[in-house]
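Okay, so here's the structure we're looking at.
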Amino acid sequence: MKVLNSRTGEIEDFSPLHGNKVYMYVCGPTTYDYSHIGHARTYIAYDVIARYLRYKGYNVFFLMNITDVDDKIIDRARREGVDPLELARKFEKYFFEDLNALGINSINYFARASEYIPEIIDLIRCLMGRGYAYETETGIFFSVEKFPHYGELSKRKPEELTVHRVTPDSTKRNPADFAIWKKRESSDEIGWDSPWGYGRPGWHIEDAAIIMSHFGAQLDLHGGAIELIFPHHEAEVALAEAATGVRPFSKYWVHTGLLTVSGVKMSKSLGNFITIREALSRVDAEALRLYFLMSHYRSPIDFDWSKLNQAKSSLEYLYGVLEQVANTLTTNQVTEDEKTLLERIINLKSQFIAAMDDDFNTPEAVARLFDIAGEVNKFLNIQNALSGQAKNQILSTFRELGKILGILQKELEKAEEIPLRDLIQLIIDIRSELRMNKQYGLADKIREKLKKLGIIIEDTAAGTRWKSVSSQQSG
RNA sequence: GCCCGGGUGGCCGAGCGGCUAGGCGGCGGGCUGCAGACCCGCUCCACAGGGGUUCAAAUCCCCUCCCGGGCUCCA
């Protein structure tokens, strides 16, 4: 299995530090507002990565932080006149609801920054002890020049970091130094007591402290969106490696591409965002997942509703094939053609796996899924029957591969319930007799009535087929 | 200004030295009592432009243009 490692810029063989155990961490949200589909894109990408690693037999521990102490939370809480942590909890709850709705279920543990204050303080103490951090009247800062590898991850030279969007704190020795503890007036706002007085942690240190307290000095895979590579991930590396002296902090760094709208980054601060809720009110979660997975995780996606609808049509096609397989007559005979079909499917399945092994190439993997569907369709177009064994193998292949991507997991609903299936078959048989006797009026009436019940009748050269619309509907 | 990514057919989107990507849409045909679904074919040298390297370039090198991201708020 190969992964493009942002740290080295190379495609590398994936081999975890400790046997088949994978310690994986992804930067989670700052819970001050609803999550948007840009976040969804990133979290879906890592959900699929974690699912796939597990599929390959790795024992993955997937850790994610929740930033619940932050300027934006404090600002919004102040405006709304509520407690900052209460506000953070409220949006955290919505975040979990969104993850659930998106089918993101691979994360083992969520770590709130506010619950790691002692660990953060310990880390700061350690960094000061080793001479990497210094105190001023406004806070504790990490000294970038003391860490010779600063800039390696994001491929930046410290001397080039001279443009600043925000005026640097004047007490810093070097404008590139970053705050790891912000001193605050105790009466003023949320904070904790520390050896350097009342205050709260800086942005980057929470991730380093959380990771180190769960995984130790090193982890296998660290992920996040590309926008975080500098300064956030660069700072995390500096903090952790300075504190432990162990390099590299993360063996693999993985970065996802951003989601844009009309070519502009979707972000809360720009106000051009579509919440996960809004997207899911219009289209099924699996369609959204498929839309994102039809691009590589590193490629930028320029969001457009019409493109999302394309993915929705694609998903419906796949479900249509599943329905056809489930509703095809079952025979005892295994024909030669059927054996050929099953061989092709096995071959395509291994191509799917090969694509996933190649830096999680989901577009390629999805293409192979469509190839399987095409093969099955071609077969059913000629023969309207399958052996029970073939049916099971086809359906389980779709389910198994779909599960890696988090799609094709919906029940085929009534189609799989045998008594109803037999009943529908009976009606179809009667209708076929009517058609043979050219009693089309009555035959059409049956078709119309069944359609109203959500059952679609299709007359083909190989016989009459049916499917239920309910299982294809997107919610 | 500096540092990263990108620019692929009607739309989306893989590929990253030679070998069919795939999807969506459109058109034509097959199958049909009709409808839909499905199948087959087509959608003109698809690779931003210009130079090079090579037997061979979308893929490697150089230059130019355009777009996005980062430069201490961000998934």
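Side-chain atoms are counted along with the backbone in the values below, which use heavy atoms only and exclude waters and symmetry mates. Labels below follow one simple rule: chain letters A, B, ... track the order of the sequence lines, proteins then strands, and each chain is numbered from 1.
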Item to check | Residue pairs passing the salt bridge (Lys or Arg N to Asp or Glu O under 4.0 Å) test where at least one lies in residues 232-243 of chain A, sequence neighbours excluded | outcome: A:E241-A:R247
Checklist outcome for this item: Closest to the 5' end of RNA chain B, once A:G257 and A:Y291 are matched to their nearest nucleotides, is A:Y291
Item to check | Secondary-structure stems for RNA chain B, with pairs counted as Watson-Crick or G-U when both distances are under 3.5 Å and runs at least 3 long | outcome: B:1-7 with B:65-71, B:10-12 with B:22-24, B:25-30 with B:38-43, B:48-52 with B:60-64
Item to check | Length of the CG-C1' vector between A:D304 and B:G13, whole Å | outcome: 14 Å
Checklist entry - What is the ring orientation for A:W305 with A:F303, classed by angle as parallel under 30°, tilted 30 to 60°, or perpendicular over 60°? => result perpendicular
Next on the checklist: Under 4.0 Å, counting only non-hydrogen atoms across every strand here, what does A:L228 touch: a base, just sugar-phosphate, or nothing?
Outcome noted: sugar-phosphate
Checklist outcome for this item: Across all chains, not counting sequence neighbours, the ring-ring contact (aromatic ring centres under 6.0 Å, His included) partners of A:F147 are A:H149
Checklist entry - Reckon A:Y43 touches a base, only the sugar-phosphate, or nothing at all at heavy-atom distances under 4.0 Å? => result sugar-phosphate
Checklist outcome for this item: For A:K90, the side chain to side chain donor-acceptor pair (under 3.5 Å) test, sequence neighbours excluded, returns none
Checklist entry - Do the side chains of A:H214 and A:L219 get nearer than 4.5 Å, heavy atoms only? => result no
Item to check | Closest to the A:K307 side chain, choosing from B:C12, B:C34, B:A14 | outcome: B:C12
Can you give each donor-acceptor pair under 3.5 Å made by side-chain atoms of residues 436-450 of chain A, sequence neighbours left out, with the distance rounded to 0.1 Å?
unit_1	atom_1	unit_2	atom_2	d
A:N437	ND2	A:E433	O	3.2
A:D444	OD1	A:R447	NH2	3.4

Checklist entry - Rounded to the Å, how far apart are A:H296 NE2 and B:G7 P? => result 13 Å
Checklist entry - Roughly how many Å is it from CZ in A:F230 to C1' in B:G69, rounded to a whole number? => result 14 Å
Checklist entry - Given B:G13, B:A75, B:C71, which nucleotide is nearest the side-chain atoms of A:E227? => result B:A75
Checklist entry - Any side-chain N or O of A:S299 under 4.0 Å from OP1/OP2 of B:A14? => result yes
Next on the checklist: Applying side chain to side chain donor-acceptor pair (under 3.5 Å), can you list everything that pairs with A:T335, at least two apart in sequence or on another chain?
Outcome noted: none
Checklist entry - For the side chain of A:F178, counting heavy atoms from C-beta on, which of B:A14, B:G33, B:U72 is nearest? => result B:U72
Item to check | RNA chain B contacts made by residues 343-360 of chain A, counting heavy atoms under 4.0 Å | outcome: none
Checklist entry - Of all residues at least two apart in sequence or in a different chain, which pass the side chain to side chain contact (heavy atoms under 4.5 Å, CB included) check with A:K172? => result A:Y134, A:F141, A:P168, A:D169, A:D177
Checklist entry - RNA chain B: A:N381 or A:R435, which has the more 5' nearest nucleotide? => result A:R435
Checklist entry - Does A:T30 have a side-chain nitrogen or oxygen under 4.0 Å from the phosphate oxygens OP1 or OP2 of B:A75? => result yes
Checklist entry - Between A:Q409 (side chain) and A:I407 (backbone), is there a donor-acceptor pair under 3.5 Å? => result yes
Item to check | Separation of atom CZ in A:F379 from atom P in B:C40, rounded to whole Å | outcome: 15 Å
Checklist entry - Among all residues two or more places apart in sequence or in another chain, which pass the side chain to side chain donor-acceptor pair (under 3.5 Å) test with A:K307? => result none
Next on the checklist: Rounded to whole Å, please give me the gap between CZ in A:R298 and P in B:A14.
Outcome noted: 10 Å
Checklist entry - If you measure only the distance, is there a donor-acceptor pair under 3.5 Å linking the side chains of A:H232 and A:D207? => result yes
Next on the checklist: Test of understanding: with side chain to side chain donor-acceptor pair (under 3.5 Å), list the residues that count as partners of A:N105, not counting sequence neighbours.
Outcome noted: A:R51
Item to check | Atom-pair distance (CD1 on A:I229; P on B:C4), nearest Å | outcome: 11 Å
Next on the checklist: Whether A:N377 contacts B:C39 is assessed here as follows: a side-chain N or O lying under 4.0 Å from the phosphate OP1 or OP2. Is that the case?
Outcome noted: yes
Checklist entry - Would a line drawn from the ring center of A:F110 to the ring center of A:F96 be shorter than 6.0 Å? => result yes
Checklist entry - Under 4.0 angstrom, heavy atoms only, what part of the nucleic acid is A:G223 near: base, sugar-phosphate, or nothing? => result nothing
Checklist entry - Contact class for A:R465 vs. all strands (heavy atom < 4.0 Å): base, sugar-phosphate, or nothing? => result sugar-phosphate
Checklist entry - Which part of the nucleic acid, if any, lies within contact of A:K378, taking any heavy atom under 4.0 Å across all strands shown: a base, the sugar-phosphate backbone alone, or nothing? => result sugar-phosphate
Next on the checklist: Applying a 4.0 Å non-hydrogen cut-off, can you work out what A:L259 is touching in the nucleic acid: base, sugar-phosphate, or nothing?
Outcome noted: base
Next on the checklist: Under 3.5 Å, is there any donor-acceptor pair linking the side chain of A:D459 to the base of B:C34?
Outcome noted: yes
Checklist entry - Touch check for A:H232, heavy atoms < 4.0 angstrom, all strands: base, sugar-phosphate only, or nothing? => result nothing
Checklist outcome for this item: Applying ring-ring contact (aromatic ring centres under 6.0 Å, His included) to A:H233 and not counting sequence neighbours gives A:H222, A:W253, A:H255
Checklist entry - Between B:C2 and A:K157, is there an OP1 or OP2 to side-chain N/O distance shorter than 4.0 Å? => result no
Checklist outcome for this item: In whole angstroms, the gap separating P of B:C12 from CG of A:L293 amounts to 19 Å
Checklist entry - Contact class for A:L380 vs. all strands (heavy atom < 4.0 Å): base, sugar-phosphate, or nothing? => result nothing
Checklist entry - B:A75 phosphate, OP1 or OP2: any side-chain N/O from A:K265 under 4.0 angstrom? => result no
Item to check | Proximity to the side chain of A:M266 - top-ranked nucleotide from B:G36, B:C73, B:A75 | outcome: B:A75
Next on the checklist: I need a per-nucleotide contact map over nucleotides 22-27 of chain B, read 5' to 3'. Cutoff is protein heavy atoms under 4.0 Å; write B for the base, S for backbone only, - otherwise.
Outcome noted: SBS---
Next on the checklist: Let's test your reading of the model: under 3.5 Å, does the base of B:G15 pair with the side chain of A:N361 as donor and acceptor?
Outcome noted: no
